[in-house]
Amino acid sequence: MIIGFSGLDGCGKSTIIKALIGCLHEEKDSKRNVQTVWTRVGYTPGINLLKNIARKIFSKSLPTPGRSTSRTKSLKRPLVQRIWITVSLLELIWIFSIKLRVLSFRKVLLLDRQIDDSLIDLKILFGQDILNDKFYSMLVFLLKKLSLKIEKVGIKIDLKTSD
C-alpha cells in the first residue's frame with residue numbers, strides 16, 4: 001500500500017507520517033514493514049548525486065548548495081535550466097513509476113510529498129508557464145501516466161498557521 005501526503009512546507013506532513021508510523025507499529029501482532037519516501041524536485045537521490053559530482057569537477061564555478069543569488073542566477077541560464085528540469089522530471093518518472101513499485105512490495109510506503117508538490121515547486125522556481133513547454137508537458141504526461149496509483153492525503157492549513 002502506498003499513501004501519499006501532500007501540502008505546503010510546514011503544514012505537518014512529516015509529523016503526521018511519524019504519528020502514523022507509530023500507530024502502525026503499535027498494532028498488536030503488527031508485522032508491517034513501513035517506509036517513508038521523501039521526494040522534492042531537484043533534491044532526489046539521483047539529482048543530489050549529480051550535483052555532488054558536478055561540485056567536485058567544477059567546484060569553483062558552481063554556486064554553493066542552498067538558496068543564493070548565484071544559484072538563482074545560474075538556474076536562469078537556459079541550458080542549465082533545461083538540463084535541471086529535464087533530469088529532475090526524468091528522475092521523478094523513475095521514482096514514481098519504477099522505484100516505488102519495487103519498494104512497495106510487502107511494505108506500507110508513506111510518501112512525504114508527491115508529484116503535484118514537485119510540479120508546484122517547478123512553477124515557483126521557473127514561473128507559471130514553464131510546464132507549457134511541449135517537451136516538459138510530454139515528460140509530465142509520462143510521469144502521471146506511468147506512476148502508481150497512490151492514495152492521497154492532502155493537508156490544508158491557513159497561511160498564518162504555516163508561519
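Numbers here simply count residues along the sequence, with the first being 1.
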(message) Among residues at least two apart in sequence or on other chains, which ones pass ring pair (Phe, Tyr, Trp, His ring centres under 6.0 Å) with Phe126?
(response) Trp84

(request) Would you mind reporting whether Lys99 and Val37 have side-chain heavy atoms less than 4.5 Å apart? (result) no

Side-chain donor/acceptor pairs under 3.5 Å, residues 103-110, sequence neighbours excluded:
residue	atom	partner	partner atom	Å
Ser104	OG	Leu100	O	3.0
Ser104	OG	Arg101	O	3.1
Lys107	NZ	Gln35	OE1	2.9

(request) Identify, with sequence neighbours excluded, every residue that meets salt bridge (charged side-chain N to carboxylate O under 4.0 Å, His left out) alongside Arg40. (result) Asp9, Asp121

(message) To check you understand the geometry: which heavy-atom pair defines the closest contact between Gly42 and Lys51, and what is its length?
(response) O-NZ, 2.8 Å

(message) So Lys123 and Ile120, do their side chains get closer than 4.5 Å, heavy atoms only?
(response) no

(request) Kindly indicate whether the side chain of Leu122, heavy atoms from C-beta on, has any atom under 4.5 Å from the side chain of Leu89. (result) yes

(request) Only pairs at least two apart or in different chains count here, so list each side chain to side chain donor-acceptor pair (under 3.5 Å) that has a residue in residues 137-148. (result) none

(message) Restricting to side-chain contact (heavy atoms from CB on, under 4.5 Å), what partner residues turn up for Asn52, sequence neighbours left out?
(response) Arg55

Quiz: residues 15-23 side-chain donor-acceptor pairs under 3.5 angstrom, not counting sequence neighbours:
none

(message) Tyr43 vs Asn48, test: side-chain contact (heavy atoms from CB on, under 4.5 Å). Steps then yes/no.
(response) CA-CA 6 Å; Tyr43 295 93; Asn48 285 338; 4.2 Å; yes

(request) Could you please spell out the steps behind the side-chain contact (heavy atoms from CB on, under 4.5 Å) verdict for Leu139 and Leu143? (result) CA-CA 6 Å; Leu139 290 177; Leu143 173 61; over 6 Å; no

(message) Whether the Asp112 and Ser14 side chains hold a donor-acceptor pair (N or O, under 3.5 Å, no angle test) is what I'd like checked.
(response) yes

(request) Determine yes or no for a side-chain-to-main-chain donor-acceptor pair under 3.5 angstrom, with Lys13 supplying the side chain and Gly7 the backbone. (result) yes

(request) Report yes if the side chains of Thr44 and Leu92 come closer than 4.5 Å at any heavy-atom pair, otherwise no. (result) yes

(request) Go through Leu146 and Ile93 one step at a time and tell me if the side-chain contact (heavy atoms from CB on, under 4.5 Å) criterion holds. (result) CA-CA 7 Å; Leu146 298 174; Ile93 291 170; 4.2 Å; yes

(message) Between Tyr136 and Thr86, is there a side-chain heavy-atom distance shorter than 4.5 Å?
(response) yes

(request) Can you sort out the partners of Leu79 under side-chain contact (heavy atoms from CB on, under 4.5 Å), two or more places apart, ordered by chain and number? (result) Ile83

(message) Taking side chain to side chain donor-acceptor pair (under 3.5 Å) as the definition, give me every residue that meets it alongside Asp133, ordered by chain and number, with sequence neighbours left out.
(response) Arg82

